[in-house]
2 protein chains.
Amino acid sequence: VSSPPRDHELPASARRRLTPVILGRESTDAERARTLAATVSTGILSTIARDEAGTPFGSLAPFGLDGGARPVLCISELAEHTRNLRTDARCSLLVAQLPGSGSGGDPLASPRLTLVGRAGLVPDAEVGEARAAHLAGNPHAAGYVDYGDFSLWRLEVESVRYVGGYGRMSWVDLAAWRDARPDPVEPFAAGAIEHLNADHADACLLMVQRLGARPDAETATVTRVDRYGMDLEATGPDGGGFVRLPFDDPVSTPAEIRTATVALAQRARQAGERS
Amino acid sequence: VSSPPRDHELPASARRRLTPVILGRESTDAERARTLAATVSTGILSTIARDEAGTPFGSLAPFGLDGGARPVLCISELAEHTRNLRTDARCSLLVAQLPGSGSGGDPLASPRLTLVGRAGLVPDAEVGEARAAHLAGNPHAAGYVDYGDFSLWRLEVESVRYVGGYGRMSWVDLAAWRDARPDPVEPFAAGAIEHLNADHADACLLMVQRLGARPDAETATVTRVDRYGMDLEATGPDGGGFVRLPFDDPVSTPAEIRTATVALAQRARQAGERS
């Protein structure tokens, strides 16, 4: 996966953008997609309506992923989507992390994922595993998974579209989708970002100045923390720009994020002493 | 629209349910659908993929409604859904108010709406109105609405499916959808519910006991406030049950909600004095 055109991420009014500085490994789109699917447990199912025109029909569908990264749905025979799927197995599941209503966030900056394929009833022999996979993603189904009108369905994924926000999008390789692991630090990332920006702004600025090839920087804001490193937005007299700094080793816990960011800050200070 | 089977709203473990007590006017599904569409500004568009199978494809689509309650989209020629619509106009737009990730809310208890029809480019003569309708729903589009690769599209709605949660669902009449007005107190409803339950629980209990035909009630919790009245969940030795109490007149402001609920509380107290 090549690096995306970052300059699309800004509103039209933004000032001059510098070439992104990308050091070290970034999460792949497959990894981002699997992370998103591990974070969001309600998808939107698109099926083919049973009207004459065969119009695509969108509906809510909580899901869990099974061991093969296939979405498992628990749906009612009374629901439109189930009746649609019984007539035509083609469908897709959109998984999106939207900003809250009224939060003012830009929805098109949100990551989202479309899993495209065909859905079928889970065969009897595999219902146990599928049931567990669904319940792991959607505990509310415990209230109805064993009702007579609900059945477990599985989406056999044929293609995967990932859109990470403005300017980051790709069709994800199927094997990469299956094999990728969700980012273990995603549940802690928002807290880490808030902490770094609130309490360690000076250290972050030093990092982009001395490690991120932006000696002119006057501000640096952390915008992403993942297992491999962190993204920052730097601004200075030369313009605004994206800086990616790598951790020494992949992290998987809040303590490891802390150790890795402390190491980056130390290295930035030492780089100053040497210069 | 007939009243829905309320007993589906509870988990399997719930205790005995009493017959709902529904006094006065409820919001119609058309009104609930229009209210939802006025509250949520990002839909999920289902289009027909340009693959051999013609698989339905879900994607994010911020929208605004025009004067005819038609969704207006602002979409890029670079996006899959636009390329899909140029090949096949059939589509639907799902609008859902989901519980936040990690909130623990049950997604299938969420209201949602599917607008089914065909999308086309807005004709030149109508672009001004459509542009304003889109921007009213999605102010973020100001950053790209005039970009060369973005165009305004309009969904000509042919059918409307509303699901209000467990046990409330219908196909909404098209004229009713067009003519319904969003509930003016929806933006204040959550605050009013919280206030009533936190500070006026005794008054609410009196209301269900004396006005809501539940003299056995021991607890009463407000679950919904709309322009026409309020829903409560009452529990007591006889079981749990739904109680709907009407306001004297439709309300449209926080002050009017207050006046209307004070009037209900007074009437409940007076009913006690008379008995």
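Note that these values count all heavy atoms, side chains included, but never hydrogens, waters or copies made by symmetry. Here the structure is a predicted model, which means the values were calculated and not measured.
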Donor-acceptor contact present, side-chain [X] to main-chain [Y], <3.5 Å:
X: B/Thr114; Y: A/Gly58; answer: yes
X: A/Arg90; Y: B/Pro56; answer: no
X: A/His140; Y: B/Gly105; answer: yes

Looking at [atom1] of [X] and [atom2] of [Y], how far apart are the two atoms once the value is rounded to the nearest 0.5 Å?
X: A/Leu113; Y: B/Ser59; atom1: CG; atom2: OG; value: 12.5 Å
X: A/Ile48; Y: B/Ile48; atom1: CD1; atom2: CD1; value: 3.5 Å
X: A/Ser46; Y: B/Leu94; atom1: OG; atom2: CG; value: 8.5 Å
X: B/Ile44; Y: A/Ser92; atom1: CD1; atom2: OG; value: 11.0 Å
X: A/Phe57; Y: B/Leu115; atom1: CZ; atom2: CG; value: 10.0 Å

B/Glu194, CD: over 12 other non-hydrogen atoms inside 6.0 angstrom: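 Atom CD in B/Glu194 is not crowded, with 12 or fewer foreign heavy atoms closer than 6.0 Å.
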Winner by heavy-atom pair count (cut-off under 4.5 Å) against chain A, out of B/Asn138, B/Thr55, B/Leu93: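 Sorted descending by pairs with chain A, the first entry is B/Thr55.
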Residue, of A/Ala49, A/Gly54, A/Ala96, that accumulates the most heavy atom pairs under 4.5 Å with chain B: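 The option with the most such pairs is A/Gly54.
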Heavy-atom side-chain contact between A/Pro62 and B/Leu108 under 4.5 Å: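 Of all side-chain heavy-atom pairs linking B/Leu108 with A/Pro62, at least one is under 4.5 Å.
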Residue pair A/Leu98 / B/Leu60, side-chain heavy-atom distance below 4.5 Å: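 When only atoms from C-beta onward are counted, B/Leu60 and A/Leu98 do touch, with a gap below 4.5 Å.
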